[in-house]
Amino acid sequence: MARFTVMILAVVLAFLVAMPVPGVTAKKYTVGDNKFWNPNINYTIWAQGKHFYLGDWLYFVYDRNQHNILEVNKTDYENCNAEHPIRNYTRGAGRDIVPLNVTKHYYLLDGKGGCYGGMKLAVKVEKLPPPPKAAPVKSIGSVSMVTSLVQFIIPFALLRMTW
Ligand SMILES: *[C@@H]1O[C@H](CO)[C@@H](O)[C@H](O)[C@H]1NC(C)=O
Ligand SMILES: *[C@@H]1O[C@H](CO)[C@@H](O)[C@H](O)[C@H]1NC(C)=O
Ligand SMILES: *[C@@H]1O[C@H](CO)[C@@H](O)[C@H](O)[C@H]1NC(C)=O
Ligand SMILES: *[C@@H]1O[C@H](CO)[C@@H](O)[C@H](O)[C@H]1NC(C)=O
């Protein structure tokens with residue numbers, strides 16, 4: 001009976017190993033991570049090395065009495081000018097979402113203090129990269145070879161352990 005259980009376990013394990021990797025999904029970025037949307041954080045550095053893709057979200061958490069979140073154009077971003085916002089993402093609770101639903105540069109800033117303490121963030125939104133192309137036959141061969149090896153070796157090893 002125990003052997004039977006182990007066999008079932010082995011089969012389940014083998015299936016898990018062979019399961020395809022789930023697709024890429026949209027990401028929600030909390031701007032500033034655990035420091036949130038606050039003065040004296042360099043958001044250029046925060047954004048460095050991150051890739052923002054169409055469908056991702058920026059989540060701003062801040063003191064609603066002190067700050068807000070506006071989208072401006074490049075010139076106004078560089079000059080920290082909040083006089084002619086393109087879009088106002090402020091809804092009043094100090095918790096705002098910026099859906100990155102257009103492939104473009106987003107120039108965002110704290111309009112209340114005119115980039116108070118460097119509160120501005122520019123992100124470039126890219127199209128989601130296409131899923132990896134079907135690999136050439138040769139490498140498919142080696143990948144499935146590894147997979148089948150694993151599929152055979154694990155159950156075998158598990159069975160050996162109990163016999
Ligand atoms: C933030 O960091 C970037 C990149 O290192 C730098 O160019 C920029 O001057 C910094 N901004 C501030 C306000 O310190
Ligand atoms: C941004 O808007 C300002 C004011 O409307 C305008 O003077 C400036 O030329 C604009 N810059 C860009 C890059 O569109
Ligand atoms: C942005 O929208 C909020 C909420 O509707 C409003 O209170 C605020 O005055 C607006 N700010 C600007 C600069 O338009
Ligand atoms: C992007 O999101 C904004 C804010 O929710 C919305 O107003 C706008 O219509 C959206 N644009 C597209 C192209 O979906």
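Source: prediction; values computed, not measured. We count ligands from 1, going down the list as the structure has it; atoms in each ligand are counted the same way.
- Side-chain N or O atoms of Asn101 include none that pairs as donor or acceptor with a backbone N or O of Leu54 at under 3.5 Å.
- The backbone N or O of Ile69 sits less than 3.5 Å from a side-chain atom of Thr90, completing a donor-acceptor pair.
- A cation-pi arrangement, defined by a distance under 6.0 Å to the six-membered ring centre and an angle within 45 degrees of its axis, is absent between Lys120 and Tyr107.
- Of the N or O atoms in Gln48, none lie within a sub-3.5 Å distance of an N or O in ligand 1.
- Annotation for ligand 2: atoms under 4.0 Å from non-hydrogen atoms of Thr75 are 8 (C), 10 (C), 11 (N), 12 (C), 13 (C).
- Pocket lining of ligand 4, defined as residues with a non-hydrogen atom under 4.0 Å away: Arg87, Pro99, Asn101.
- Using a 4.0 Å cut-off between charged nitrogen and carboxylate oxygen, Lys104 and Glu126 do not count as a salt-bridge pair.
- Residues Ile97 and Leu58 form no side-chain contact, since every pair of their non-hydrogen atoms from C-beta on lies 4.5 Å or further apart.
- Residue Asp76 has at least one heavy-atom neighbour below 4.0 Å for each of these atoms of ligand 2: 2 (O).
- Aromatic ring centres of Tyr29 and Phe52: separated by under 6.0 Å.
- By the 3.5 Å distance cut-off applied to N or O atoms, Asn73 is counted among the residues near ligand 2.
- Using a 4.5 Å heavy-atom threshold, the side chains of Val125 and Asp56 count as separate.
- Screening Phe36, Tyr59, Trp37 for a side chain to side chain contact (heavy atoms under 4.5 Å, CB included) involving Arg95 leaves a single residue, Tyr59.
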